[in-house]
Amino acid sequence: MKKILLLGDIHANYPALKAIGKYIKPDRFDWIVNTGDFTVYSTFPNETIKWFRKRKKAVCILGNTDLRVLRILRGKKLKKPAKEEKRVMYFWTAENLHPENITYLKSLPEQTDFTVGGFRIGIFHGTLEDPDEELSPSAPESRFQQLARDSTFQVHIMGHSHVPYYKIVDGVHFINSGSVGRMFDGDPRASFAILKVASGKLAVEHFRIPYAVEEVVKDLKKQHLPNIYAKMFRVGKKLN
Ligand SMILES: [Fe+2]
C-alpha cells in the first residue's frame, strides 16, 4: 500500500503545518503533496517553505498567491488584489522571504503529475484547465464531467477552493484536502487528507485538527499587519 499526505493552501500558517506534522509523522508517507499557496496571509512563509524544501518526498506546485509574490520580486506591478489590506500581506511576504526560499519557489511548476499503483495522478492548484478556477463540490456536475472527459488523469488533486471534499465523477476521482492554514467555513482547525492506494483501489480520509491559532495572531500583531487577519484565523472565516 502507498500512502500520500495531501496538503494545500497553507498560506504561511506554519503553526498549523507544524500541528499536522506532529499528528501524523510525515516521514511515514511515500509522497507529500502540496497543491500550492505556500505564502501570504500569515507571517511564517520561510518556515513553511523550509518544511517542504528539506523533504525529498514532497511533490509541490505553486498557487496564485505564490505567483503574485514572485511577480513582486521580479519588479512587476501587482494589479490584483485591489484591497490595500490584502496587498500589504503580499508585499510583506515579498520583503521577508529568504533568498533560498525564493529560489525554491522559482523552481516549482504550476502543475505536475505522477503515477501510483497504475493511477495517473494530476496535481493542480485550481483545476487542470485553470489554476484560478475554484472548483467547489457544489459546482455543476457537468463541469466535473467535462474535466473528467478532457483529462488523462484518473485522480485530480486540487486546492484553491479551501473546501475539503472527495467526489467520483465518471470514474475520475476529484480530491481537495481543504486548507491547512486559512479556513473559510467557520471551523478554524487545520484541514488535510490522506490518500491510500492499494490493489487498484483508492481510499481518502479527511482530517481537521486544532493548532496554536494564538501563535499566528501574536506574530501578526508583532509585524503590525492588519487586525482583520487575527479575527479571520480565530473564527476560520474569510472576512475580506
Ligand atoms: Fe489559497
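As the structure lists them, so they are numbered: ligands from 1, and atoms in each ligand from 1. When a residue number appears, it is its place in the shown sequence, counting from 1.
Within the cation-pi definition used here (under 6.0 Å to the ring centroid, within 45° of the axis), R53 does not qualify as a partner of Y104.
Within D9, the N, O or S atom at minimum distance from the Fe ion (ligand 1) carries the name OD1. When distances from the Fe ion (ligand 1) to the N, O or S atoms of H162 are compared, NE2 comes out shortest. The Fe ion (ligand 1) sits nearest to atom OD2 when only the N, O or S atoms of D37 are considered.
Salt-bridge annotation for E47 and K18: absent, with no side-chain N of the basic residue lying under 4.0 Å from a carboxylate O of the acidic one. Between D170 and R149 there is no salt bridge, since no side-chain N of the basic residue sits under 4.0 Å from a carboxylate O of the acidic one.
Side chain to side chain, T43 and Q223 fail the donor-acceptor criterion of an N or O pair below 3.5 Å.
Metal site remark for the Fe ion (ligand 1): H11 contributes an N, O or S atom at a distance under 2.8 Å.
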